[in-house]
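Shown next, in structure tokens, is the structure this report addresses.
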Amino acid sequence: MAAPALSADATQMATYLSALTQPDTNLIRQAEVALKPILKKPECVPAMIEVVKAQTAQDEGTRHVAAIVLRKRISGHMTKFDVPTKTALKAELLSVLQTENSRPVRNGVVALVAAICKHEAEETTDAAQAAAGWPELFQFVAAAAGDAHPEARELAFLLLGEMTETVGIHLKPQFATLSSLFAAGLVDSDPKVQNSAVKALGLLMSYLADEEEIDTFAPLVQPVLTVAEACRARHDEEVVSTTLDVLYDLSFSPSPSIAAHMGTIIQFAQLCMSDSNLEMAVRDSAALVVATMAESKPKHLGRDTALLTGIVETIFNLIETSDGSAAGALFESNPAWKEDFEDQEGYEAEENGITETGMAQGTLDMLACEIPKKYIFEPVVSRCMARLGSADPNQRKAGIACLGVIAEGCAEPLRENLAQVMPHVFKTAGDSDARVRECACFALGQISEHCQPEVLSYSSQILPIVFALLDDSNIAVQATSCYVLEMFCERLEPEGVRPLLDPLVRKLAAMLEATSKRSVQEMTVAALAATAVAAEEEFAPYVVGVASLMSKLMELKDEKTYSLRGRALECMGHIAIAVGKDHFRPYFSPTMQCACEGLTYDSTDLHEFAYAAFANLAKVMGDEFAPVLAELVPHLVTVIGQEEGQFEHAEEEQGGQFSGLDDSDNEDEGGNLVMHIRTALLETKKGGITAVGEMAAHTGAAFVPYMGEVMTPFFV
């Protein structure tokens, strides 16, 4: 029998909906304009349902779009229908779900049914009545879940997943029944049904993670992990990724019933972290689960010695087997690093910004920072020491790298054990393998940064070692050595740096002139700045030469070199602080010129460097800074007064290309708006405020005329 012909309304509707599927922006806009008045009338609902049902008369894309658009508009029309009309509409949609063969169309109708269910539940204030608002739907779900056909069983869980919020709020009395339904789905003979059950249950568990009702579903954590592990084994990354997202949400759950599964959750996450067949983004999600467990349940995890040591061993193995630089975390935020070192041995290409080594080190860093030191320090350090004595350079690399990683989180016990640790660090700095030497520099830098002041007693040993490493044939070792100098010299007194000051400055200056690697240049400039700060007035004899080098860098205009230009400006500010007004006076004007010129470029980084320079130079030059106040203060007031937040249109969900067809009370006013905070501007404003503060503090009476202007942004 031929399918009944579409009504006139449905035919017209299909024409417009079909236009929405075309790759023609103008055609789509015309269709949206034509549809908008039609969609405001309740008659559009039966017309669109006709289109959805027209399996032979309309193509899949048009029918799918009909379901999407109807979902957007259905809530506004449901209140206009009487009870018989609503009942007939609901029954017709359930019938469509039973007979629809197209997966995209069926999924669209599933979302439509969920939207109606949510609307009906929210219209009823009585929770018990809300749950019974569409009893036929839940009878349909129960029947489908027990159907002999796997497609029907899969559909049951698709519906439950789409109705997560409604179920979580209004179906709490039925949670025990739902738990049994999910349990059956997780052991279904068909993998598609299992996967659908995992996704639906995962959404509900994430929704309930902080509520006491999560205990009802806690026994299903293990079956979920069983399904996810089977998916991992057959490389079904979608389900693995979904499961890891759920486990992340459950990591924060206060429920003891969830905490009881911590061991199996972490063991699954470990397997995913180590599985090289998975995408790095999925593996990083697994690492995030482990890190979050450490953050939310530090004592629980720390007391489980076998579990904790298993995690630590996994991390060490990942760093050992990875080809990447274990010191690369220092440079991840520096775009020049990839450009400079991608052709170097040991460079590990990033996948979506994630590296295997970075993932492992980030996880260890979180463990060290969150888990009580009495649990984490010994397992890590004992493995570091064992590997440092290995004949395998990969093991030595992992040993010294992990020692550097825990320096922040385990700073206190590490400071107490420097006498035992430092000889090993010094030995690896002279290792025959460049990657080990690079990681030794990384560890030295981390210890220098986080183990103050105890590490300063080793200055007579550290500085000569680092000085020698500046001559290393490996560029990465050179760059990391500069980092060590920067970290170490920041806290060093003049007498500590004095013995090596002359050869150190000369060596850094020579490196700066010789290298073409921007990342090495930046690290060298930072090391020179730190050396100046440490040497104080004793740096005065070197100002002429270093300022000459910085002046060249401060003239750079290529956007790629903005960071290096900014670092040079920063270095001049530090030199000013170190040597004082009299020695710096000849360089005040060109430094200010560079800083002010940077403000004309479209670069927030250069602006922040400029404001930091203004703050330092005002502090050093005092009343000699006053002549530039007239130019700078109005600019800084403008910066400080900028709005760091602005309203923007909210991102659209599924079918976002049809945003003009949304059912919204404020559609004539432009739709929903959300506030977006521009964090980069916040940092810029912070720099501007600091600069103004230093000017006010050090330019004396010359600043008084600007007080009213400066205070205005703070009281608006």
Side-chain angles (χ1 to χ4, degrees), residues 330 441 444-460 462-463 466-467 470 479-509 511-512 521-551 553-554 563-588 591 594-595 608-622 687 690-691 694 697-698:
L330 291 174
C441 290
L444 269 175
Q446 291 287 289
I447 292 171
S448 297
E449 183 176 0
H450 300 293
C451 294
Q452 298 280 356
E454 289 83 356
V455 72
L456 295 179
S457 63
Y458 294 90
S459 60
S460 62
I462 292 176
L463 290 176
V466 177
F467 188 72
L470 293 173
T480 316
S481 300
C482 292
Y483 158 71
V484 178
L485 285 175
E486 180 186 5
M487 292 299 101
F488 193 80
C489 290
E490 279 185 352
R491 297 287 189 90
L492 208 58
E493 297 296 327
E495 58 270 19
V497 75
R498 184 182 298 127
L500 285 172
L501 180 59
D502 187 72
L504 180 57
V505 174
R506 293 182 185 279
K507 182 60 191 173
L508 289 172
M511 281 181 62
L512 187 58
Q521 289 175 318
E522 289 183 24
M523 298 295 279
T524 306
V525 170
L528 278 168
T531 302
V533 171
E536 296 181 358
E537 287 192 354
E538 295 191 26
F539 195 81
Y542 307 99
V543 174
V544 174
V546 174
S548 176
L549 292 174
M550 296 304 115
S551 66
L553 300 179
M554 290 193 298
S563 180
L564 180 56
R565 174 183 172 131
R567 289 291 179 190
L569 180 60
E570 179 183 59
C571 182
M572 291 300 288
H574 287 173
I575 290 174
I577 294 290
V579 302
K581 179 192 297 187
D582 292 338
H583 290 296
F584 191 77
R585 185 175 289 111
Y587 311 101
F588 172 56
T591 303
C594 169
E608 289 178 33
F609 280 122
Y611 301 148
F614 295 153
N616 284 332
L617 295 182
K619 188 184 301 183
V620 172
M621 303 307 295
T690 301
E694 295 297 343
H698 298 284

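Counting begins at 1 with the first residue of the sequence.
- Under the side chain to side chain contact (heavy atoms under 4.5 Å, CB included) test applied with Ser481, the options Leu444, Val466, Thr524 reduce to a single match, Val466.
- The shortest non-hydrogen separation linking Ala479 to Met523 is O-CE, 3.5 Å.
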**Request:** In sequence, state the C-alpha distance, the side-chain angles, and the governing distance for Tyr587 and Met550, and then conclude on side-chain contact (heavy atoms from CB on, under 4.5 Å).
**Result:** CA-CA 11 Å; Tyr587 311 101; Met550 296 304 115; over 6 Å; no
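- Counting heavy-atom neighbours within 6.0 Å of Glu537 CD, excluding the residue itself, gives a total of 12 or less.
- Residues Pro503 and Phe467 approach most closely at O-CE1, 3.2 Å, considering heavy atoms.
- Summarising the geometry of Val484 relative to Cys441, their closest heavy-atom pair is CG2-O, 2.8 Å, with the distance given to 0.1 Å.
- At least one side-chain heavy atom of Tyr542 sits less than 4.5 Å from a side-chain heavy atom of Leu501.
- Looking at heavy atoms from C-beta onward, Ile575 lies in side-chain contact with Val579 at the 4.5 angstrom threshold.
- The shortest heavy-atom contact between Cys482 and Leu470 is SG-CD2, 3.9 Å.
- Remark: side-chain polar atoms of Ser548 are not paired, donor with acceptor, to backbone N or O of Val544 under 3.5 angstrom.
- Within the 4.5 Å cutoff, no side-chain heavy atoms of Leu528 are placed close to those of Leu485.
- Counting heavy atoms from C-beta on, the side chains of Leu569 and Leu553 never come closer than 4.5 Å.
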Please output the side-chain donor-acceptor pairs of residues 609-621 that fall under 3.5 Å, not counting sequence neighbours, one pair per line with the distance.
{"unit_1": "Tyr611", "atom_1": "OH", "unit_2": "His635", "atom_2": "NE2", "d": "2.8"}

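- In the displayed structure, Arg506 atom CZ is contacted under 6.0 Å by at most 12 heavy atoms of other residues, nucleotides or ligands.
- Test Gln452, His450, Gln446, Glu449 against Met487 for side chain to side chain contact (heavy atoms under 4.5 Å, CB included) and you get one pass: Glu449.
- Summarising the geometry of Val525 relative to Cys571, their closest heavy-atom pair is CG1-CB, 3.7 Å, with the distance given to 0.1 Å.
- With contacts defined as side-chain heavy-atom distances shorter than 4.5 Å, the pair Val505/Phe539 qualifies.
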